Structure formats: C-alpha cells, structure tokens
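Here is how names work: the chains are called A, B, and so on, in the same order as the sequence lines, proteins then strands, and each is numbered from 1. Side chains are part of it too, since the values below use all heavy atoms of this structure and drop only hydrogens, waters and symmetry mates. Given the structure is predicted, the values throughout are model-derived calculations rather than measurements.
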Amino acid sequence: MQENYKPLAIEQEVQAAWEVSGVFNVSESSTQPKYYCLAMFPYPSGKLHMGHVRNYTIGDVISRYQRMLGKNVMQPMGWDAFGLPAENAAMQHGVHPADWTYSNIDYMRDQLKRLGFGYDWNRELATCDPQYYKWEQWFFLKLLNKGLVYKKTAPVNWCPHDKTVLANEQVIDGCCWRCDTPVERKEIAQWFLKITAYADELLSSLEALDGWPEQVKTMQVNWIGRSEGVEMNFPVPDSEPVSIYTTRPDTLMGVTYLAVAAEHPLALKAAASNADISAFIADCKMMETSEAAMETMEKRGIDSGIKALHPITGEPVPVWIANFVLMGYGTGAVMSVPAHDQRDFEFALKYGIAIKQVVFAKDGEVADDCSEQAYTVKGVLKNSGAFDGLTSEQAFAAISEALEKEHKGQRKTNFRLRDWGVSRQRYWGAPIPVIYCDDCGTVAVPEQDLPVELPKDVVLDGSQSPLVGHPTFSHVACPSCGKDAHRETDTFDTFMESSWYFARFAGNNPDAMLDESAKYWLPVDHYIGGIEHAILHLLYARFYTKLLRDEGLLVCDEPFKKLLTQGMVLKDGSKMSKSKGNTVDPQGLIDQYGADTVRLFIMFAAPPEQSLEWSDSGVEGAFRFLKRLWKQAYQHSETGGSTVPLDKQALTEQQQTVRRALHLTIQKVTDDFGRRYTFNTVIASNMELINTLAKFVDDSDNARAIRQEALEAIVLMLSPIVPHICHQLWLDLGHQQAVVSASWPEVDTTALAQDILELVLQVNGKLRSKIKVSVTATKDEIEVMALNDEQVKRFIEGKPVRKVIVVPNKLVNIVV
RNA sequence: GCCGGGGUGGCGGAACUGGUAGACGCGCCGGAUUCAAAAUCCGGUUGGGGUGACUCAGUGCCGGUUCGAUUCCGGCCCUCGGUACCA
C-alpha cells in the first residue's frame, strides 16, 4: 500500500471505478426493499456553493448508509432550471437565459461528480426541457378541466419607469432595484390553483407525518391558519352591504368603524365626489405587496363619509378606507374593534375614533383596562345589550345564532392560506398553455399541440416580457373556431416545476407524465433540503401530490415520508446567496485537499439541522485526520496486518478496553446514522477511536487482530462520509469487494460488558468525588461506600445527612 | 408586525430521557524532531483565587420548579430563516 495519502489520484480512480461498475444505477426490479433518498435539486446559478455541498453530502451519506443496510437505494439529481437569475444574467451579460442555464448545468454537474455523490445520472432532468414542462402544461389543463384552476385579478409590484412587474426581491425599500423609482401596486388578471380546496387535507394529513420535524409541521399549520368565525353583512343605505369575516364575534358590540381596501366599491364610490379621498386612494397604490412591508408600514386611513349599519343595533358605523386592508385577501373589508384589537386601537387613537370596551376580565383576575392598549384576551361581556354577562365563548354562539336567525351572517371556517397564483409576467419559465379567442373565450391548447415551447429568439431589456412583443409566439389560430386568437404570454411560477420533479425522477417517461415506476419509488423515503423551504415549496409539493393522486398518477397521499431540514450555511451571519455576494466557492478547497476532506469538514462542523457559520479554518484539521487514518492503516499493513484470528478468551485488560471502546463506538455511530442524523458526532467518535488506537502499543497477535477489526469498522463507519479514501483503505485491508457494497458493522455485545464502573459522588448537587464500584453492588452498599469517601466526609462533616439519592450506574447525591 | 429556529471557552461544537458542563476539532502556548523551516509527534489550554492538594463562579438576561437545570416553566434581550413574485 502507498505510504502517503494522495487524495486527488485516489478520488479520480475511485470515481472512475464507480462509473464503470454502474453501482449507482438502480432499477425497479430489485428484490431488496426500495429506498428513495432525495436532496432538493439545485437552481443552476453558476457554481456550487457551500449550501449545495452540505445538502448533497447529507443526502449521499444517508444514501450510502442505507445501501450498507441492504436497500435498493435511488438517489437522482436534476436541475430546477427556470427562474429569475437567468433573466438577470441575460440582461447583465447579454447571454441568452437558455445558454447561461445549460452552461451552468454542465459546470455544476462536473462539480457534483468531482464530489463523488452516488447519483443515478441516467435519471437526470432539467425543468427547462420542453419534454419536462410539457407534462406540467398537460396537467394544468387537466386541472382547468376539473375546475381547480381559475383566473382573477391580484396585485403585483409595478415599476412605472421600467414598465415591468417586479418580484418582491427586486423591491428595495419600496423602490425598483434597477432605477430606484417608487414601486406601485397594480391589479392584473392572473391564473390561480385552488389550493384552498385541499386546505383541510393539507392540515389533517400533517399529523401522520411523524418523520417530519415538529417545527416544520407547526409552521405549516400556522400558515394554513384554520379559524372558526362568522361572516356577516353590514348593510349600507343605497349600496351593496359590506361583507366582513371575524373570529371574534363576541366583540361585535364594540365595533366602532369598518375598514375597507382602497379598491373596495365603497371606497371608489366615496372617491368619485371627494378629491381628498381619491388622492388618498391613489396614494395607497404607492406600496409594495409583501406581507412584511404591509404589516410594518405606517397604518393610514381616511373617513369615506359613508355609514354602514350595525347588523344587531342598526346604529350607523363609519366606513374608513385603510391602506392595510387588501382587496384580494378575504372580502376586502374588516370590522374594527379598537378596545379589543391592538392594530384597531392604534388606528382609533390616531384618528380620534371611539373606543368601546365590551369584554372585561372575569372577576378582576387581571387588569382589563383599555386606556393604554387593547384588551385582547377573552372574558365576560358588558355594554353589549342582550349579550351582557355572557362569556366570550357563550357570546360567540349567541351572537352567531342571532345573526343566522335574521339571515345577516353565518358561522364559517376560514383559512389564512390563499389560492396559489401561478402566473408570472416573465420569459424564462414554462408557457401557460391557453389561448384567448374573442368568440370562444379562454381555450385550452389541444393535447397534441403540447408542449407550448418557449421561443428562443428574444431580447431581454428589463421592461415587459419579450413574449408579449414576440413577432409570432402569441399569434395563433383559435383551436376551437380557427379565427385569429392570441396566446397567454405569462409563464408559470417556478414552484410549479419543483412541485412534482421528485415523481418524474422515477421514470422520465417520454410518453406519460408519470408511470408505474412512480408508484414503485414514491413516496420519497428521505428528503433533504434547506429550512428556508419549510413552507412554500414543501406545501406546494404536498398539494401537487394530492392532485396527482386524485388524477390516478400516484398512489400515495404525501410525497416525503421523512424530512431533514438542513440549516443554512451562513457567511458573515447571513444566508449565503448570490444576490448578497457572500458565497464561498468550494472548488478551491476540493482542488487543494480533495472531495473527502471537504465532505468530512462540512459534516463535522455542525449537526445538519443547525445553521453553520462558514470558516475556512478547520478544513486543515479534517485533512490531518484523514492523513492520520491513512497512516494507521499503512503502519498496520506494512507490519504484516493481522494473520491470526482474535482469541476473545485470552484478552488482556488493555485489549478488552480497546475492544470495548470499538464496540461502544459502533453502537453510538449506528444510532447517530440511523436515528439522530448527527454526522458531526459520528466523526468525533471515530476520531476518539483513532486516538485510542494510536495509543494502543501492543504487537501481540490478539492486538493485531483487534487493530484489524477496529480499522475495518472505522473504514466502514466513515465510508458514507469519505467514500473515496475508504474505498482504497478497504482494499488495502485485504478485501476484494468494494466498500460501497459492504454491510454495516455489527456490535459485539459481549465486548461491551464490564464488571467495574465509576460513579460520581455529589454533595448538595455538586461534584465532590468519584468511586469505582462493582456492577453487582447493591444500592445500600453503594450508599455506605459513598458516605465513607474521604472527600465526601470533608463536605458533610458536622452536618446531618438529610437524604441520599442513588441514580443507578450514574451517581450518588448526598443532601445535607 | 406575525410564524418558526438559535444563543454553551478565543472559534466550530459535545453533553441524546433533569444527573460529571466543555467530548471531538480549530486556534493559541510550551516541548521533541530539524542546520533551519514545513510536516509530524508529545503536553497544556473556561474565568477568578491558591506554590499546591484544592476552591469559588460559570451555558444570552431576570425569576421559578427540583436533592440536582445547558436541559422543564414564566417574562425579556439579541440573532437567523420564512412571510405567498429569490430559489
């Protein structure tokens, strides 16, 4: 065997061996149980960054571990290839988005191969391939047919200078990122998927996902936001009534105004005869659409002069126009109860609107005064006429019943979740396959005409989508009547592609969206990806899975059985991203130290779910460890290896200790791999074991056998993390079969047994001494030994012993 | 603003079910080796006090439960992610 560890040569050779043998190319005909391990596919932004390295190393480690357990493991890779950065690159560098994307893919594919990930490259796909998005278009039309797709207006960020729609990311402090012009809100017609039709199932089936982190499930529950409330009408003389929804009907008698959106019919009516109001409404448009901006901006309003009538008392209630109410969400109007809602309270104070308290604490348990702030907890009603004396809960029922009886409102379950807007006014995405005809209306593109391909001859200049101005793309004959018609020029949200790619990996069938192979491989057994996808991507993928199931294309209810959300790789305290310009290129480290060192370091630096602050130092330490491992194996092999089998009956005390350390490590590491997914502690334990082995100077036959056993186990345990060096060491330790197909090591429980163990002695909970006791010692014997310990005696001297607590195998605490 | 995480030595982290705080690694200090350096190997490394055995304090802050709290409970502070058109 080679004396020195030469990673670059080894890695090249081992990767070539994997490719020739095709070990990672799997099929559905295996007799072993299937295991589908998937890491979130990358956006081909240029080069791999540390987040990718971390994500794909975790996936590869889990995949290789599962292979060693005898599973038929499928690990595919592909490209989430549509998106905004390609258009930005096109504008900045004059390169076509497709060329930019495909050259990035070629570069990044090489990087992934260089890192030694065990992918089945035969399954590779790119979402910008017409053969991929064809099926997305096909499926969209199925949904259109089923009534799960509809069109309505919704707000977008509009830059009046560039005459273009801006993504939220492109709005900086309310202004366009390119020209700094204040952004306006603009209502345009867009396509929506009825995700709300599945809200109940998306919520209830979360419970069965016991392989998902609680935090992700909680975030999804809160995002879907199911609430019980009442929808009711406030009549308005000479107008349509104002419809509102509230989860606090018990506060209805405390309503002192209504707030409506700037686009609400009543606001428009009021503006028609009042210049101040129409100026305010125009002003409300100067606003970005993101929720964070909406919630943190200054809340402003204007009195419309219109009065609505309270549904119970019939008293007039002023209608205000407010910038924080949006037409698109809910009914575009809310009832306001300043006494019991903090935002309404602040608004009322600002504009001098009445504050009427109707809910009070039960028997003065807590301060319920609302002169300083709103009293938002539930309690008992006063100042509420017939409802006085009821608790909030009783009042909820009584007031809803009163409204229902008079047909003024009804109880309703609402969701915070809104339907999924999938239209994007951009070029680099999948075209939405519909045609607009003056006579026939909206017509689906016939199936035989799919895919609607994105034309390549376009120029991006930062204003409207080039599909709008394209000479031929939008001009088309109506498939229904043959007259001149025009195509939809919007493209799909890129979440549409990433919501079903995991199923497409199963077969990549040119003649069907999904086939039988998808039923074999799905659900994904383990999905690994960034915590930043905890809500949107994962929710859309879950939704899509249910849509595909209802179309008969899948047989599972949920796409991802187990989920590992890796923490972010941070640099200088925030998410590494191209837009922030704080990325670290792993390539230099790979060139210098090799893939194994990079993989080892990134797995060692932090547990996978925790965020990882990147630092270059420490990589050197990972490399040093691999050199030490190599050296141990080399010395063992050069001095003859092990030729005589281990005689377990004839071990010295030290030999027993080393062997016990070995099997304790296997036990711990197996748990870390299979249950905890803490690869950092896997590595730490193996480092400890190597340190133990380095200090184990014994050249007897039994010692050599133990060293052989230990080195083999270390190589097996580390092979999922550093597969190249382990491949070579496994051969050097005398094996013919490749380590990638070897079995996981087993714990020899007889090696774990010990007859003497150490107990910690505490006095009043503080560590004072340690004693060695036989494993067979009784509680009473231990207690006596503890009380007779010299150190312990010093601390309990002259004080009466009140209590002695013996925790078996751990400690004794003496309370004085 | 709202929802979900995180906060432990100089640094990354360990302590898994309430039971020895700081495993493992980085960095730093000292030593061996070397003409010298790199590499390698050995030892030390939470802070204060003490020559020392030892001792006191200590896991973001304040309070609580407990024989015992990094771990559980209440209230804060800071920070990261998401917030529906970044992916």
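- A:Ile814 comes within contact range of no nucleotide atom at all, as no heavy-atom separation falls under 4.0 Å.
- One P atom belongs to B:rG75, the other to B:rG58, and the distance between them is 24 Å to the nearest Å.
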RNA chain B in dot-bracket form (Watson-Crick or G-U pairs under 3.5 Å, [ ] crossing, | inter-strand) is (((((((..(((......[....)))((((((.......))))))((((....))))..(((((..]....))))))))))))....
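- Checking the phosphate oxygens (OP1, OP2) of B:rA84, a side-chain nitrogen or oxygen of A:Asn168 falls inside 4.0 Å.
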What protein N or O atoms touch nucleotides 14-17 of chain B N or O atoms at under 3.5 angstrom, if any, and at what distances?
residue, atom, partner, partner atom, Å
B:rA14, OP1, A:Asn680, ND2, 2.9
B:rA15, OP1, A:Arg676, NH1, 3.2
B:rA15, OP1, A:Arg676, NH2, 2.9
B:rC16, N1, A:Arg676, NH1, 3.4
B:rC16, O2, A:Arg675, NH2, 2.5
B:rC16, N4, A:Lys668, NZ, 2.5

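- At the heavy-atom level, A:His533 lies under 4.0 Å from base atoms of the strands shown.
- When the side chain to side chain donor-acceptor pair (under 3.5 Å) test is applied to A:Tyr501, the partners found at least two apart in sequence or on another chain are A:Tyr527.
- Heavy atoms of A:Thr494 sit under 4.0 angstrom from primed sugar atoms or phosphate atoms, though from no base atom.
- A cation-pi geometry, defined here as NZ or CZ lying under 6.0 Å from the six-membered ring centre and within 45° of its normal, does not hold between A:Arg542 and A:Phe560.
- Under the side chain to side chain donor-acceptor pair (under 3.5 Å) criterion, A:Asp419 pairs with A:Tyr150, A:Thr196, sequence neighbours left out.
- Among the heavy atoms of the strands lying under 4.0 Å from A:Glu532 is at least one base atom, whether or not backbone atoms are also near.
- Look at A:Lys627 and you'll find a side-chain N or O under 4.0 angstrom from OP1 or OP2 of B:rU40.
- Here A:Ile805 lies in heavy-atom contact (under 4.0 Å) with a base.
- Here B:rU83 presents its P atom at 12 Å from CG of A:Leu538, a figure rounded to the nearest Å.
- Figure legend: cation-pi geometry between A:Arg416 and A:Trp223, with NZ or CZ positioned under 6.0 Å from the six-membered ring centre and within 45° of its axis.
- Side-chain contact between A:Thr181 and A:Cys175: absent, with no pair of heavy atoms (C-beta onward) separated by less than 4.5 Å.
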Once base and sugar-phosphate atoms are separated, protein heavy atoms under 4.0 Å mark nucleotides 25-32 of chain B, 5' to 3', with B, S and - as SSS-----
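- Within residues 759-769 of chain A, the residues having any heavy atom closer than 4.0 Å to RNA chain B are, in order of number, A:Val760, A:Gln762, A:Lys766, A:Arg768.
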